[in-house]
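In what follows, chains carry the letters A, B, and so on, assigned in the order in which the sequence lines appear, proteins first and then strands, with residues in each chain numbered from 1.
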Amino acid sequence: MSTWDGWLILLAASMIAVFGLWGGQLGRRVLRPIKAFERLRRTIELSVEDGSRLQVSLGRGDLLGPQAAAGLAGLTLLRQVAHIASDSDQPPVATTGEATLMVLAQDTLRISYRELNIRGRYHSRLGRFSGATPFSYAAGVMPLILDRSVSASGLVGSFGEEVGLITAASRRAGAFSLGGSNALAAQAILFASADEPLLGEEIFATGAYLDAGAGHLASLQAQDILRWLAILIIFGLAIGHLIGWVQ
Amino acid sequence: MPSHSSQDPEENLPDWLKDLRKRQQQEGDIEPRETAPEQTPSGGEPSPEQKGEEEPEWLLEIRRRHQEEASTQPHRTPPGEGSEEDVPHEEEGREKTGPRLTDTPPAPEEAQEAEPPKEEERGEKEPTLPTGELPDWLQGAEPEEKGDQESLQNEGATSVPAFSQNDIEPLSPGEVPSWLEALRPGAETRKSRASEEEESTGPLAGLSGVLPAEPEIARFGYTPSRPSRLEISENQQRHASVLERLIATEGQSVVDQSQVRILPIRILRYVIGVLLVLATTLPLLVGGQAAPRPEMEAYPESARVYNAIEMLPADSPVLVVFEVETSLYGEVAAPASAVLSHLLQKQGRLVFLATDPTGPALVERLLTAELAAQPSVATGDYVNLGYLSGGIAALRQFSADPRAALPEIARTGEDPWTRQALENVDSLDDFALVVIMTSEAETGKAWIEQSGTTLSNGLLMVSSAQAAPVLLPYLQSHPATLNGLVAGFSGASYYERLRADVGLGTMYWNAYSYALGAALILILIGGLYGRTIQSGSDNQTSTGEEHSNADQQ
Amino acid sequence: MKKALRAPISTLVAIATGAAVVLSFFFFELEELRGLILGWVILLAAVALLLGLANLFLVHFHKIRRGESRVYSFVLVAAMLVTFIITLLQGSLGVFPNWLFNYVQVPMESSLMAMLAVTLTLAAARALQQRSDLMSIVFIAALLVLLASSAPLFGLELPWLTRTLGPYFNQELSVGAMRGLLIGVGLGTLTTGLRVLLGIDRPYGG
């Protein structure tokens, strides 16, 4: 890892710290509307009213690589869904294709129910390991959706092309599906098959849009600034290369 | 219904009329009216001289006409002589509204001929008015006994009523319901006035317009009646009907529209599946090479792989990392077998590794199924290092120090570094070539980023078609991280053309061409058909909305 | 352990180990520590895999007891147990495990992949019916161009598609878009990781 990487990490960490600690004093941040999250919130509330279940798929990304971040975004979604749907007759179910993610999903649900003083509703089967390989994972999630007890599926994590089978099952069951992944192939499939796709870095905005805390808003802010910085650098280098300043 | 014959009609007259008649009688112009019908049952028409010279011509004309009609009427019993049952219904109706002046007073001569007992029964004289001043209809006040033309004629009345009872249909007094009575403007005021009019208790009894002796709270009365009929507006009626419809449908089961939609979609899925299977399997069964293989200059990145392997010295150690998912094995097997076949042809010493648990088994399957004829495979002259757990972390560790990362082969417990292929290998760069065979772009990226920069020769990659676009930019990077790429069926077919070989790539190329065409046509037709249906339903929806808007307006 | 104590300790451990791994990329003296920590992580991942298998077994066992989709759950549980026991006895190079892998697992996963092809074809065919905005139309148009330029269609090659338009879409247009998406994903990955490192996000039950 080069020193530039170190400076980038330091810059990002500083921005997150600053915005997290003093973000409120800098002014209230207005987030651009993302229809997927608005519809997700409405769907969660509807499912609470009609007593149906929610299903959150965290993908199959292990915690040892960059795909772990997508899994962590899925855990944020799971925590917020557990809070919003705490009044539901049927608690949300988390499915994973990676065992370490399963342990974290169980922990997330357990902690959420403890915070809500409904500890008795938690059991270990709420966080499920559905399959060790991508398609066996999809094959394990599909029955949960096809038996029509699930009214909405949140697919946020590291998915591959197997996500197409899960969204197809959601469509057949008439359930709402919201999906996002770090993998490009999965994003393309979700764009065509999910009710509400999340493209690019929108999955990492899950916490900010579902009111997970000021820290999530701060990191989203830092992410936006870094993105604009990257755009400026790319433009600058391209123009510099064009006029001969950069080789 | 009160009896008319027994009651003195004179008593029903208001006071002012009685006074008026008194004055008339005193003046002697008009005889009391009640005597006129008895005395003049025929109701003869008085002569103009009898009425006075002031009568207008039109009145005289009416009387003359009336007399003519009266002469044709049958004889009727005088009212005073008849029983109660003989009382005409009109007279009963007229009784409700009070006294009515329907008949003209009789002529003076007839009035004089009135029976004295009648006058005596009444006990008082009615006021009379000069005939010249009042019309006939205003003279007299005995409706129940005065309506009969014959009685008037019998009495010899000199005056003929302008309108006889036979002409006028007596109006039955309307029944005014109590609630309507209460709604009349000033009803409360009238009531209050009625209650105020006369005090009934206390020292001020009999006086009106005084403060009540009893407090209001002590007075009990009937509450005014309210209208019993419910007034409903059109809007309220509409809302009520909607609510009624909602309640009526509450117990009815709703048809699950998703089930209704599922059957056509299921059929469509079966049709698409059958067509794709046919498009894929028929060319395989028929054989031949209908689809031309890619041109020689089509894929330069694949040509670089070919060149790199062509320059490989014999007995060189080659690391082959097999990062292929089980589901995509079928696709990657084609380019992988072409490249491995070339490597084996160049007598490279193959060392296999996988960071996926199914990788080692898939390597064995590939070698056994596709390359069993190769001498190295047949003799087992290759090394399968097996599964390296730890994902990218282990990958980085292996890149830095392979021996430390993999001290032994997990499946067999054997020390691989004693094998001939690995005896001079201490780092990744000691391998002549490093070939990454992957089905996913992320895995390929991870290897490029973690180990590509440490290799002096860069990496060679064999991937699925979906990973190629993500990996292509690495071909142009400086320093070189990726030196060549063979991707998918197109890459396999091209590579086999370069080697003048026929293998899985060439075999699948035909089927791939037909399946691709079938998928393209299905998507095109389905998209156009779906768009047409959607446009039609959008038009229907917008037309329905326009109609409903027009109806509302 | 009391609630007040558990959260700070978990957070401290997470922050400390994360910081150590990050710093080891800049300070080579910490490389051994990084190796040690990563070794523990790999071990934990292996143990977690066993936990996952146990969870899978329990979920389906529970389904069998409750009578929900009994047949499928019974087949899964039975297959799990048979495969586990036989592989434990014969090893992964054994005859029966290899036979199971080559003639059961590989065909099944390949079939699911083939089913995906049918599903995606259907999804693409219905895409315009579900969503008819500009981006969906562009998506379908690009899909059709790329499919047509990947190979000859029904044995007929269209050079203007396979040699001109296809490479332009594949290597010029789509690469730039993909890079943009990947940069965004990378930045999101960075900030998400930093949230965990700074203790803002605590998915480990803190």
Side-chain angles (χ1 to χ4, degrees), chain A residues 1-2 5 50 52 59-71 97-101 131-139 145-146 148 150-151 157-165 168-176 181-189 192-193 195 241 246-247, chain B residues 254 256-266 268-269 272-273 323-331 355-359 361-362 387-397 438-447 449-450 453 463-471 473 478 523 526-527:
Chain A
M1 203 178 283
S2 67
D5 303 326
D50 66 20
S52 58
R60 52 183 178 86
D62 60 49
L63 297 180
L64 296 173
Q67 63 273 12
E98 168 66 29
T100 49
L101 221 47
T133 63
F135 279 89
S136 65
Y137 165 57
I145 297 171
L146 287 172
R148 294 179 181 275
V150 169
S151 64
S158 180
F159 292 93
E161 50 280 335
E162 74 280 357
V163 75
L165 292 178
S170 286
R171 187 144 287 183
R172 280 170 62 186
F176 170 77
S181 173
N182 61 321
L184 294 175
Q187 289 181 34
I189 291 170
S193 58
D195 291 319
H241 185 75
V246 176
Q247 295 299 324
Chain B
V254 179
D256 188 357
Q257 292 300 324
S258 63
Q259 289 287 354
V260 173
R261 286 195 299 267
I262 276 175
L263 184 59
I265 295 173
R266 191 180 291 173
L268 192 61
R269 190 182 296 119
I272 290 175
E323 305 278 32
V324 179
E325 297 287 344
T326 314
S327 54
L328 283 162
Y329 168 80
E331 182 189 1
T355 59
D356 190 87
T358 58
L362 288 174
Y387 169 56
L388 180 66
S389 63
I392 288 183
L395 193 156
R396 188 178 179 86
Q397 194 177 13
T438 179
S439 58
E440 300 212 351
E442 281 68 35
T443 317
K445 270 172 49 186
W447 272 99
E449 289 162 2
Q450 300 299 327
T453 52
S463 74
S464 61
Q466 66 169 351
V470 181
L471 301 171
H478 296 288
I523 292 171

### Message
Counting heavy-atom pairs closer than 4.5 Å to chain B, which one of A:G160, A:P134, A:A185 comes out on top?
### Response
A:P134

### Residues B:E442, A:R60: salt bridge by 4.0 Å N-O rule
no

#### Entry: For A:T100, side-chain hydrogen bond (donor to acceptor under 3.5 Å, both in side chains) partners two or more places apart
A:E98

### Task
Give, for atom CD of B:Q466 and atom CD1 of A:I189, the distance between the pair rounded to the nearest 0.5 Å.
7.5 Å

#### Entry: Approximate separation, where rounding is to 0.5 Å, of B:T443 OG1 and A:Q67 CD
8.0 Å

### Query
Do the side chains of B:R269 and A:R172 get nearer than 4.5 Å, heavy atoms only?
yes

### Summary
What one should report as the nearest heavy-atom pair of B:I392 and A:L64 is CB-O, 3.9 Å

#### Entry: salt bridge (charged side-chain N to carboxylate O under 4.0 Å, His left out) involving A:E161 - partner list, sequence neighbours excluded
none

### Query
Checking heavy atoms, do the side chain of B:L395, its backbone, both or neither come under 4.5 Å from chain A?
neither

